[in-house]
Amino acid sequence: RDSRTANHAAGTALRSRGAGKVPRRGAGDRETRVVSDETMPGQTQLMDALKHASNMLGELRTSMLSPKSYYELYMQVCDELRHLELALLDDIQRGSAVKDLYELVQYAGNIVPRLYLLITVGVVFIKAGQVSRKDILKDLVEMCRGVQHPLRGLFLRNYLLQCTRNLLPDAREEEAGVDKGKDGIVQDSVDFVLLNYSEMNKLWVRIQHQGHSREREKREKERQELRILVGTNLVRLSQLEMVDVRLYRRSVLSGLLEQIVSCRDPIAQEYLMECIIQVFPDEFHLQSLGEFLQTCGELHQKVNVKNIVIALIDRLAAYASRTDSPGIPNDIQLFDVFSEQISVIIHSRTDMPPEDIVSLQAALINLALKCYPDRVDYVDKVLRYTAEIFAKFAEGLVESFH
């Protein structure tokens, strides 16, 4: 009872210092100045530090900044939060920290400061080994749904991803031991990152539909500046050492592709498909070629599928021709898979420019020459099919004149 009373009193203090009382005028300088004024003094007691942090974090509620300026403010805030994290970790290790700290910071008056503080404290508790890592990670990624403003939500979830990058469980179930229920296994990390990725992509896509239609180009430029925040989720998945081909196909790739197809946004679809090609190993691509190429055929008509397919062909062709490469496994009919899927893509996209068709077929010839130098018939097949396509294309032009 005494503990609850103390927490309530502390929470009242946190709310009273919330950023809701800070007038929101200006676009950058004032927010940065407040962050500087509210940095954590070296000898500040815990409650004073939390009050300063809450006030400082309130500046991230602004809607006045461009993505670039918001990023600069965010980076300054993160630098200060690292000092708070180190101080809290030191307190816990000395046994002087408040046991109910995770509950206490939930009294912060506004949801943006509250969630940044929750992530900071949650990470500290995980590092100190005082809580279930699996439960805290699940709790944090779920609670971040409370911020649905696209810019604020993207940076909040990026903070979560950065803070937890070295804390994600990375053990197989059979190797996790008796504490797997507390510490988690690699599947828990995959679920954590996939949920964060899915929510970040939705926020990123939502930017496209804000404001007046005449500002579409401006919004697209801003989205290009922010895309790396979403892509970082894929990088984090690729860094999990215990993700093997089986888990990649069953959970990782299927989860990534499901969100890509369902978002129906050309910018997101093209960028994320290219990210998959770049960040995951060649061996994974070889074993999941069918699923990836099939998804290419399901993308929005405005997506430049040619660039995606050619990027994958070039990467696998380079892999096959490396001196240290084991080559293409005999059970993977690489040329046949690409040839079949490219044919499907060309037929499903009736408005594909002729030059794109030629580029795809040229990439296919390049693949055949590098991976199957003895199979001249593969080159003949590509040339024959290309001639058939353009014969039909010419017939269509003649009919249109009549």
Side-chain angles (χ1 to χ4, degrees), residues 3-24 31 34-35 37-40 44-63 65 70 73-89 91-92 97-127 130-131 135-164 167 192 195-196 199-200 203:
S3 175
R4 285 197 213 98
T5 303
N7 283 349
H8 180 73
T12 303
L14 273 177
R15 286 195 296 272
S16 70
R17 290 295 298 272
K21 294 189 176 182
V22 179
R24 313 218 85 65
E31 286 87 350
V34 171
V35 171
D37 292 343
E38 296 296 342
T39 56
M40 267 55 74
T44 304
Q45 297 298 315
L46 176 61
M47 280 313 305
D48 285 339
L50 291 175
K51 285 187 281 186
H52 282 295
S54 180
N55 197 29
M56 174 188 70
L57 286 163
E59 296 309 309
L60 291 175
R61 296 170 59 199
T62 182
S63 301
L65 302 180
Y70 193 94
L73 177 66
Y74 164 83
M75 290 303 295
Q76 191 175 359
V77 168
C78 288
D79 287 341
E80 297 303 327
L81 286 177
R82 274 190 281 274
H83 295 304
L84 177 63
E85 179 187 328
L86 292 173
L88 291 175
L89 190 58
D91 278 353
I92 287 180
V98 180
K99 292 182 179 179
D100 298 327
L101 190 58
Y102 191 71
E103 177 187 344
L104 174 63
V105 294
Q106 297 186 46
Y107 284 97
N110 186 272
I111 194 163
V112 172
R114 185 188 314 153
L115 289 174
Y116 274 95
L117 287 174
L118 271 172
I119 293 169
T120 305
V121 173
V123 166
V124 168
F125 275 28
I126 291 174
K127 288 182 176 179
Q130 295 205 350
V131 293
D135 292 343
I136 287 289
L137 290 173
K138 185 177 180 181
D139 195 31
L140 292 174
V141 75
E142 291 281 357
M143 284 197 291
C144 283
R145 283 187 167 131
V147 177
Q148 288 296 313
H149 182 279
L151 196 60
R152 296 174 207 153
L154 278 171
F155 279 96
L156 172 68
R157 287 189 172 276
N158 183 69
Y159 180 67
L160 172 64
L161 202 61
Q162 296 299 330
C163 286
T164 57
L167 302 176
F192 169 85
L195 177 56
N196 198 59
E199 293 298 319
M200 287 184 78
L203 293 168

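Note that the coordinates shown come from a computational prediction; the quantities given were computed from them, not determined experimentally. Computed over heavy atoms, backbone and side chain alike; hydrogens, waters and symmetry mates excluded.
At a threshold of 4.5 Å between non-hydrogen side-chain atoms, the residues Ile136 and Leu140 count as touching. Between Thr120 and Val105, the closest side-chain pair of non-hydrogen atoms is not below 4.5 Å.
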Evaluate the side chain to side chain contact (heavy atoms under 4.5 Å, CB included) criterion for residues Glu59 and Val77: first the C-alpha distance (whole Å), next the side-chain angles of each, then the deciding distance (0.1 Å), finally the verdict. CA-CA 9 Å; Glu59 296 309 309; Val77 168; 5.7 Å; no
Hey, mind stepping through Ile119 and Cys144 against side chain to side chain contact (heavy atoms under 4.5 Å, CB included) and telling me if it holds? CA-CA 9 Å; Ile119 293 169; Cys144 283; 4.1 Å; yes
Report the C-alpha separation of Leu117 and Leu84 in whole Å, then their side-chain angles, then the decisive distance to 0.1 Å, and conclude whether the side chain to side chain contact (heavy atoms under 4.5 Å, CB included) test is met. CA-CA 10 Å; Leu117 287 174; Leu84 177 63; 4.0 Å; yes
Could you check Ser63 against Arg152 for side chain to side chain donor-acceptor pair (under 3.5 Å), going step by step and ending with a plain yes or no? CA-CA 9 Å; Ser63 301; Arg152 296 174 207 153; 2.5 Å; yes
Intermediate values then yes/no, side chain to side chain contact (heavy atoms under 4.5 Å, CB included), Arg61 and Val147: CA-CA 10 Å; Arg61 296 170 59 199; Val147 177; over 6 Å; no
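Atom CD of Gln162 and atom CG of Leu81 lie 13.0 Å apart (nearest 0.5 Å). To the nearest 0.5 Å, the span separating CG on Leu89 from CZ on Phe125 amounts to 10.5 Å. For the atom pair Leu151 CG and Leu203 CG, the distance stands at 10.0 Å (nearest 0.5 Å). Atom SG in Cys78 sits 10.5 Å away from atom CD in Glu85 (nearest 0.5 Å). Once rounded to the nearest 0.5 Å, the distance linking CG of Leu101 with CG of Leu46 reads 5.5 Å. Expressed to the nearest 0.5 Å, how far NE2 of His149 lies from CG of Leu156 amounts to 12.5 Å.
Distance alone, capped at 3.5 Å, is enough to place a donor-acceptor pair between the Tyr70 side chain and the Leu60 backbone. Checking side-chain atoms of Gln106 against main-chain N and O of Tyr102 turns up a donor-acceptor pair under 3.5 Å. Arg114 places no side-chain N or O within 3.5 Å of a backbone atom of Ser54 that could act as its donor or acceptor partner.
The two residues Val112 and Leu57 have their closest heavy-atom pair at CG1-O, 4.1 Å. Residues Arg157 and Asn196 share a closest heavy-atom pair of NH1-OD1, 2.9 Å.
Ion pairing between Arg82 and Asp79 holds under the 4.0 Å rule for side-chain N and carboxylate O.
By the 30° and 60° cut-offs, the orientation of the rings of Tyr74 relative to Tyr159 is perpendicular.
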